A.B. asks: 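Okay, here's the structure, questions in a sec.
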Amino acid sequence: MLDKRYDPHAVEEGKYENWKNKGYFTAGDKSKQAFSMVIPPPNVTGKLHLGHAWDTTIQDIIIRYKKMQGFDALWLPGMDHAGIATQAKVMQRLVKNGVDVTKLTREEFLDHAWSWKNEYANNIHEQWAKMGLCLDYTRERFTLDEGLNYAVRHVFVDLYKKGLIYQGERIISWDPVQQTALSNIEVIHQDDEGYMYYFRYPIVNSEEYLIVATTRPETMFGDTCVCVNPKDKRYKKYHGQKVINPANGEIIPIIADEYVDVEFGTGAMKCTPAHDPNDFIIGKKYGLEMPIIFNKDATMNEKCGEFVGLDRFVCREKLLEKIKSEGNFIKQEKIIHSVGHSERNNCVVEPMLSKQWFVKMKPLAEAAIANQKTEKKVNFVPARFENTFLQWMNNIEDWCISRQLWWGHRIPAYYHKQTGEVVVSMDPPKDIENYEQDRDVLDTWFSSGLWPFSTLGWPNETADLKRYFPTSCLVTGYDIIFFWVSRMIFQSLNANGEAPFKDVVIHGLVRDELGRKMSKSLGNGVDPIEVIDKYGADALRYFLTTNSTPGQDMRYIDDKVNASSNYLNKIWNSARYVLSVLPEGFKEEELPKELSPLDQWIINRLEKTIKSVTTNMDKYDFNAASGHLYNFVYDDFCSQYLEMSKVSLSSNDELVRNNTYQVLFKCLKSIILLIYPYTPFIAEELYLNLPVHKESVMLESYPKYEANRVHLNVDKQVELLFDIIRDVRNYKIENKLAPNAKLDLSINLRIKMFEGYEAYLQRFTFSEFKVVDDSIVNMRGELKIYDNADLLIVNEAGQGEIIARIDKEIAEEENEILRCQKMLSNPNFISKAPKEKVALEEEKLKQHTENLALLKDKRNKLL
RNA sequence: GGACACUUAGUUCAGCGGGAGAACGCUUCCUUCACACGGAAGAGGUCACAGGUUCGAUCCCUGUAGUGUCCACCA
């Protein structure tokens, strides 16, 4: 016997370990059709947050649903080494523990990093278990493990041989804290307050000067020219002349180039080729020198005279003082401008000329774009995210993939110590003693981009790769479409000639109750484990997956998790009721053909529910799917059928009772199976309490819609019953009568009601019914008119009161009639609207007209 | 500058070419034998604004305003 109250902790206890030990999570049944999905590997940098909980619950629902539908469904787990983020955290911890990190060797550091990884992997495993995720741990991978490293080297060499990876000196974004290059998308541009400084650049051998504006005066040490637009009349006379750089006194040329915007600033632009991407282009065009003026930590280097060794921002202030003292300072204006910050540590990144490895993106992007025009395209859900992807692909720049870190896949390039020759190969050259391997590692996203196939054993043609690749589906947030989704797509197209997955399901972000992004600085983050401790994993899972529209952000609202928990309690208690009434030795049977209308009605509702739930599950619309089930549970099953069954079960007819048992069981079992992918723990608990069950709900099949189980022509009879009961209850409330007050009721049926319906009416109205013929309007009392019946509540109320109520109903009917007439009297409506719609309106008009006549008749008789 | 969302009940959000929905909150009544973490009944909305398409627009199109996000640029 179930407890009176659903207790999530008692329910969830031990179930996960049991499932895992029984091997239910392990894929590999070759007799079934394959379905596969890889988890977006979480970073081994910390705890999982609500966003992870959301993302993984969606996937868990999909996998459990597919397993139940008879697929060999693989959900492959794993984690990401997260290069910069992890290295930064490990370093922080080492510093905190008093380790002198400057003396650390690469190998020593990596030892620390691996032990960090193992700690955090444990945390993540525990969280996955609490969430109840159906992950196949026998196939778990890590982005830095040996097999994946093999895949990474293979891809690197392949792209290099195809000319799609090259080494080049270009302007990259430099993170001076981590002291590594970053790719464009690892730089977050945010609006910061700053100043625009205006300086005088004196013209050589002249009293005149140019006014040049800059936001970064410290870069003036790297200026190699000043540019003006050749069409700019103000500066025509200076073409070919030279100016003095007020920072260091160097003489630099004035160059006329179309690139300069006449309207912007003063129309004269300082050009620093080594520290600005646009200036770099000009520098190349005119063969200018490209002096680098920063050290790796963004302090000033030896090119900066007396400022050498100063931090860039300190240098800025000191340099200003100097220029001011020399009279070359004009003014400064406060401005808001966009400044690049490192995604990982928020420091201001410095554009810097540097030799790095790049992926040539054009050909790869073109292939990805072309693939979207074929049948083998990636199906984005919702579809609009395909635009996001294509737009990025269409405007893509080359991808800087080298990182000056230790924690990552080391670049398989070897430099000959004498000749400097570069060898790129899977394995080190045979005479390795003559070579030195590139010290850099690859961008984390390089290995993540291979995840859907590297995890299955690629490039070896393993059984798993053949069976599970391409994967069926990928679930992730819109925030990493660029970082990850697009890279997986072009990497896979290059490596495999096909996309890595068929569907990409994109969700939004979890925000706080006020709609703000959850962040450490605001301290508004919610720990999923705390929510689980309060409400249980099932309630959290249900909340997360049923309170948002696909692709849209959601808010975490504690009350809604509570509401989810209440819903589960409702299911729990309805199960408790069903289990308590089922007789000893109950056996599940095929539903008999001869069911009562009530039974037929609820089966109709159930079938309809199964159909709409399945349709929406297949569209990954879990909010809609669960909504249909919710309505069935509350409105159809609990409020109506379950209450009605109390009458059925008191019947003397054994057949009626037995059928009711079967129908109750059928409904309950279906509810358990339909809710199961969302809330596996409570579903398992209830399932195992059924008198007939398998070893686990995980071995069950998903309910299937069957049109031939739908019964025609019963819904009207049953719904009439419900309408009458509701109106009688209403009447009592309006008249301040006790809910169980006995009324004198007369009913005139225009359809044949099913046998025994009176018992149900009596039970829920606490009143006897007198069945009469159509003379009902002659009787004293209040008349309710339905499509298929009239109900008279016989009472002693004053005539005025009754007439007032009838007038209200007359007004309502007249309104409806007007609405119908308005439509039907429109010739355009008759000729252009669909025939069914016209017929429907005509039918309604007829019905309302009849009702109106009855009401008027009744009113006249009362006068 | 470009793109994409969003604007519907007090709040959070669904929805839809043909009579406006849910949850929470609110009001009234009810401890009757699944559940008071409950039940029964109810109040509450010119569906942002303006045009257009249509027999008919909350829904489709265009524009406006506001909100949010992303991309690009910024000497």
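Chain A is the first sequence line, chain B the second, and so forth, proteins listed ahead of strands; every chain is numbered from 1. The model shown is predicted, which means the values in this text are computed figures rather than measured ones.
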A.B. asks: Answer with yes or no whether the side chains of A/Ser338 and A/Asp191 bring together a donor and an acceptor at under 3.5 Å.
C.D. replies: no
A.B. asks: Distances for protein N/O vs nucleotides 51-57 of chain B N/O pairs under 3.5 angstrom?
C.D. replies:
residue, atom, partner, partner atom, Å
B/C55, OP1, A/Lys832, NZ, 2.5
B/C55, O2', A/Asn826, ND2, 2.6

A.B. asks: Give me the distance, rounded to whole Å, that separates B/C29 from B/G21 when you measure between the P atoms they each carry.
C.D. replies: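 Between the two P atoms, the distance is 27 Å.
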A.B. asks: At under 4.0 Å between heavy atoms, what does A/Tyr198 touch on the DNA or RNA strands: base, sugar-phosphate, or nothing?
C.D. replies: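 Since no nucleic acid heavy atom lies under 4.0 Å of A/Tyr198, the category is nothing.
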A.B. asks: Not counting sequence neighbours, which residues clear salt bridge (charged side-chain N to carboxylate O under 4.0 Å, His left out) with A/Asp559? List them please.
C.D. replies: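 A/Asp559 satisfies salt bridge (charged side-chain N to carboxylate O under 4.0 Å, His left out) with no residue once adjacent residues are dropped.
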A.B. asks: Do NZ/NE/NH1/NH2 and the carboxylate oxygens of A/Glu842 and A/Lys846 come within less than 4.0 Å?
C.D. replies: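 No salt bridge links A/Glu842 with A/Lys846.
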A.B. asks: What is the minimum heavy-atom distance between A/Cys400 and A/Ser183, and which atoms define it?
C.D. replies: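 For A/Cys400 and A/Ser183, the tightest heavy-atom pair comes out as O-CB, 3.8 Å.
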A.B. asks: Could you work out the separation of B/C55 and B/A40 based on their C1' atoms and round it to a whole Å?
C.D. replies: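 Going atom to atom, C1' in each nucleotide, I get 42 Å.
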A.B. asks: Between A/Lys270 and A/Thr219, does any side-chain donor sit less than 3.5 Å from a side-chain acceptor?
C.D. replies: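 Yes, side-chain donor-acceptor contact under 3.5 Å.
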A.B. asks: Looking at A/Asp553 and A/Arg511, is there a salt bridge between them, counting it only when a charged N and a carboxylate O are closer than 4.0 Å?
C.D. replies: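 A/Asp553 and A/Arg511: salt-bridged.
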A.B. asks: RNA chain B in dot-bracket, Watson-Crick or G-U pairs under 3.5 Å, [ ] crossing, | other strand?
C.D. replies: (((((((..((((....[..)))).(((((.......))))).....(((((..]....))))))))))))....
A.B. asks: Looking only at side-chain N and O atoms, does A/Asp279 offer a donor or acceptor that is under 3.5 Å from a partner on A/Tyr259?
C.D. replies: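 Absent: no donor and acceptor within the cut-off.
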A.B. asks: With distance as the sole criterion, is a donor-acceptor pair present between the side chains of A/Asn573 and A/Asn569 under 3.5 Å?
C.D. replies: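 Yes - a donor-acceptor pair under 3.5 Å links their side chains.
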A.B. asks: Evaluate the criterion side-chain hydrogen bond (donor to acceptor under 3.5 Å, both in side chains) for residue pair A/Thr546 and A/Asn623; output intermediate values, then yes/no.
C.D. replies: CA-CA 4 Å; A/Thr546 63; A/Asn623 180 31; 5.5 Å; no
A.B. asks: Using a cut-off of 4.0 Å on non-hydrogen atoms, how would the nucleic acid contact of A/Phe764 be classed: base, sugar-phosphate, or nothing?
C.D. replies: nothing
A.B. asks: Could you tell me whether the side chains of A/Tyr235 and A/Asn229 share a donor-acceptor contact shorter than 3.5 Å?
C.D. replies: no
A.B. asks: Between A/Asn689 and A/Glu685, is there a side-chain heavy-atom distance shorter than 4.5 Å?
C.D. replies: yes
A.B. asks: Using a strict heavy-atom distance below 4.0 Å, which residues from residues 620-632 of chain A are in contact with RNA chain B?
C.D. replies: A/Asn623, A/Tyr630
A.B. asks: Does a sphere of radius 6.0 Å around CD in A/Gln190 hold more than 12 heavy atoms from other residues, nucleotides or ligands, not counting ones at 6.0 Å or beyond?
C.D. replies: yes
A.B. asks: Just checking A/Arg819: base, sugar-phosphate only, or nothing, at a heavy-atom cut-off of under 4.0 Å?
C.D. replies: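 Counting heavy atoms under 4.0 Å across all strands, the contact made by A/Arg819 includes a base.
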A.B. asks: When you measure from the side-chain N and O atoms of A/Arg555 to the phosphate of B/C13, is any distance below 4.0 Å, counting only OP1 and OP2?
C.D. replies: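 Looking at the OP1 and OP2 atoms of B/C13, one of them is under 4.0 Å from a side-chain N or O of A/Arg555.
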A.B. asks: When the ring planes of A/Tyr197 and A/Phe199 are compared, do they come out parallel, tilted or perpendicular, using 30° and 60° as the limits?
C.D. replies: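 Taking A/Phe199 first and then A/Tyr197, their aromatic rings lie parallel (interplane angle under 30°).
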A.B. asks: Would you call the rings of A/Tyr678 and A/Tyr542 parallel, tilted or perpendicular, taking 30° and 60° as the class edges?
C.D. replies: tilted
A.B. asks: Contact class for A/Arg216 (heavy atom, under 4.0 Å): base, sugar-phosphate, or nothing?
C.D. replies: nothing
A.B. asks: Hey, does A/Glu513 reach any base, or is it just sugar-phosphate, or nothing, if we go heavy atoms under 4.0 Å?
C.D. replies: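 Contact class for A/Glu513: none.
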A.B. asks: Describe the nucleic acid contact of A/Asp279 in one word from base, sugar-phosphate, nothing, applying a heavy-atom distance below 4.0 Å.
C.D. replies: nothing
A.B. asks: Detail all sub-3.5 Å separations between protein N/O atoms and N/O atoms belonging to nucleotides 69-71 of chain B.
C.D. replies:
none

A.B. asks: So what does A/Thr272 touch, heavy atoms closer than 4.0 Å: a base, only the sugar-phosphate, or nothing?
C.D. replies: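 The residue A/Thr272 makes no contact with any strand.
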A.B. asks: Using atom names, set out every protein N or O paired with an N or O of nucleotides 29-36 of chain B below 3.5 Å, distance rounded to 0.1 Å.
C.D. replies:
residue, atom, partner, partner atom, Å
B/A34, OP1, A/Lys646, NZ, 2.8
B/A34, O3', A/Arg576, NH1, 3.4
B/A34, O2', A/Asn573, OD1, 2.7
B/A34, O2', A/Arg576, NH1, 2.4
B/A34, N6, A/Cys638, O, 3.3
B/A34, N6, A/Glu643, OE2, 3.3
B/A34, N3, A/Asn573, O, 3.2
B/A34, N3, A/Ser574, N, 3.3
B/C35, O4', A/Asn573, OD1, 3.0
B/C35, O4', A/Asn573, ND2, 3.4
B/C35, O2', A/Asn569, ND2, 3.3
B/C35, O2, A/Lys570, NZ, 3.2
B/C35, N3, A/Lys570, NZ, 3.0

A.B. asks: Angle class for the A/Tyr630/A/Tyr567 ring planes (parallel below 30°, perpendicular above 60°, tilted otherwise)?
C.D. replies: tilted
A.B. asks: Taking atom NZ of A/Lys646 as the centre, report whether more than 12 heavy atoms of other residues, nucleotides or ligands fall under 6.0 Å from it.
C.D. replies: yes
